Amino acid sequence: MTVRIVDSADVSDRATIGDGSSVWHLAQVREDVVMGDNCIVGRGAYIGTGVTMGNGCKVQNYALVYEPAKLGDGVFIGPAVVLTNDHFPRAVNADLTPKSAHDWEPVGVTIEEGASIGARAVCVAPVTIGAWATVAAGAVVTKDVPPYALVAGVPARRIRWVGRAGVPLESVGDSLWKCPHTGDTYVESGDKLSPQASPHDN
């Protein structure tokens, strides 16, 4: 396997790109990015300084992943998604002097394993998107999203549970949920969902 970086992409010599990964036209990957194996960075996407990406991540066209975001294995970032990094954004200080890097401290978005962020969604740092959660297209996430949650709207709220396959789960009673695609079952407890242990698990 090899790394594929097209000629029009701007990839820093200080970035680490994993085996089998691809960076497409007009994308920019900044200094000290650490990208895992088999990742895809689409046309015009931006990966900020020091961002970390696990294996098998997919960042679609024109998405903006600002530092210090952290993406787990298998994370999907849809087209034109924005992961912000500033609590109180301003171009200038209160006295109208230009802000420099010393005048603010970046805060990041953390996206855990297998989670997906739909097209044009905005995740307002600092938030954590739990493992295998799904953020609907156009949503604005302003607070943490639990694992396996499907959130939508402005601001985003949980509307369903989803399984690892991304398909909405169906209630089978007694706080149990089942994936119609895989047959896997999950247990709801309070505002959390977790996979049901198999009787064969140790």
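Since this is a predicted model, take the numbers as computed values, not measurements.
Rounded to the nearest 0.5 Å, atoms CZ (Arg90) and CG (Leu96) are 10.5 Å apart. With rounding to the nearest 0.5 angstrom, the OG1 atom of Thr49 is 7.0 Å from the CG atom of Asp32. Here the straight-line distance linking atom CG of Asp37 with atom CG of Asp73 works out to 9.5 Å at 0.5 Å rounding. If you take CD on Gln196 and OG on Ser175, they are separated by 11.0 Å, rounding to the nearest 0.5 Å. Here the CD-CG distance, from Glu170 to Leu176, works out to 13.5 Å after rounding to the nearest 0.5 Å. With values rounded to the nearest 0.5 angstrom, Glu113 atom CD is found 10.5 Å from Asn55 atom CG.
Counting only distance, with no hydrogens or angles, the side chain of Thr84 and the backbone of Ala125 share a donor-acceptor pair below 3.5 Å. Side-chain N or O atoms of Thr52 include none that pairs as donor or acceptor with a backbone N or O of Val34 at under 3.5 Å. One N or O on the side chain of Arg160 and one on the backbone of Leu169 form a donor-acceptor pair closer than 3.5 Å. Between the side chain of Ser21 and the backbone N or O of Asn38 there is at least one donor-acceptor pair closer than 3.5 Å.
The closest side-chain heavy-atom distance from Ile77 to Ile111 is below 4.5 Å. A 4.5 Å side-chain heavy-atom check between Ile47 and Val41 finds at least one atom pair inside the cut-off. In this structure the side chain of Pro155 never reaches within 4.5 angstrom of the side chain of Val140, judged on heavy atoms. In this structure, the side chains of Asp86 and Pro106 stay at 4.5 Å or more apart for every pair of heavy atoms. Residues Leu71 and Leu83 have side chains in contact (heavy-atom distance under 4.5 Å, counting atoms from C-beta outward). Counting heavy atoms from C-beta outward, Arg164 and Cys179 have side chains that stay 4.5 Å or more apart. At a threshold of 4.5 Å between non-hydrogen side-chain atoms, the residues Val33 and Thr16 do not count as touching. With a 4.5 Å cut-off on side-chain heavy atoms, Met53 and Lys58 do not count as touching.
Both Val127 and Val65 belong to a single network of hydrophobic side chains, linked directly or stepwise wherever heavy atoms of I, L, V, M, F, W or Y lie under 4.5 Å apart. By the criterion of side-chain heavy atoms lying less than 4.5 angstrom apart, applied directly or through intervening Ile, Leu, Val, Met, Phe, Trp or Tyr residues, Val145 is grouped together with Ile117 in one hydrophobic cluster. A single hydrophobic cluster is not seen to contain both Val151 and Leu193; linkage of ILVMFWY side chains at heavy-atom distances under 4.5 Å, directly or through other members, places them apart. Residues Val154 and Val124 share a hydrophobic cluster, clusters being chains of Ile/Leu/Val/Met/Phe/Trp/Tyr side chains in contact below 4.5 Å.
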Next item on the list: Decide side-chain contact (heavy atoms from CB on, under 4.5 Å) for Ile40 and Trp24; before the verdict, give the C-alpha distance in whole Å, the side-chain angles of both, and the deciding distance to 0.1 Å.
Entry: CA-CA 8 Å; Ile40 298 172; Trp24 291 97; 4.0 Å; yes
Margin query: Glu67 vs Asn85, test: side-chain contact (heavy atoms from CB on, under 4.5 Å). Steps then yes/no.
Written below: CA-CA 7 Å; Glu67 68 279 1; Asn85 69 348; 3.9 Å; yes
Item checked: Residues Tyr46, Tyr66; criterion ring-ring contact (aromatic ring centres under 6.0 Å, His included); working and verdict -> CA-CA 8 Å; Tyr46 175 84; Tyr66 289 109; 5.4 Å; yes
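Partner of Tyr186 under the ring-ring contact (aromatic ring centres under 6.0 Å, His included) criterion, out of Tyr148, Trp161, Trp132, Trp177: Tyr148 alone. Results of the side-chain contact (heavy atoms from CB on, under 4.5 Å) test with Val141 over Val122, Thr128, Ile129 single out Ile129 as the only residue that passes.
Counted within 6.0 Å of NZ on Lys99, heavy atoms from surrounding residues, nucleotides or ligands total more than 12; the atom is thus considered enclosed. Counting non-hydrogen atoms of neighbouring residues, nucleotides and ligands closer than 6.0 angstrom, the CZ atom of Arg120 reaches no more than 12 such neighbours. Within 6.0 Å of atom CG in Asp95, more than 12 heavy atoms from other residues, nucleotides or ligands are found, so the atom counts as buried in its surroundings.
The two residues Arg30 and Gly48 have their closest heavy-atom pair at CB-C, 3.7 Å. The two residues Ala165 and His181 have their closest heavy-atom pair at CB-CD2, 3.8 Å. Nearest heavy atoms, Pro180 versus Val167: CG-CG1, 3.7 Å. Here the closest heavy-atom approach between residue Arg43 and residue Leu26 is recorded as NH2-CD1, 3.5 Å. Taking both residues in full, the closest heavy atoms of Cys39 and Gly54 are given as SG-O, 3.1 Å, listed atom of the first, atom of the second, then distance. Taking both residues in full, the closest heavy atoms of Ala63 and Gly78 are given as CB-O, 3.7 Å, listed atom of the first, atom of the second, then distance.
A search for side-chain contact (heavy atoms from CB on, under 4.5 Å) contacts involving Val3 returns Ile5, Ile17, not counting sequence neighbours.
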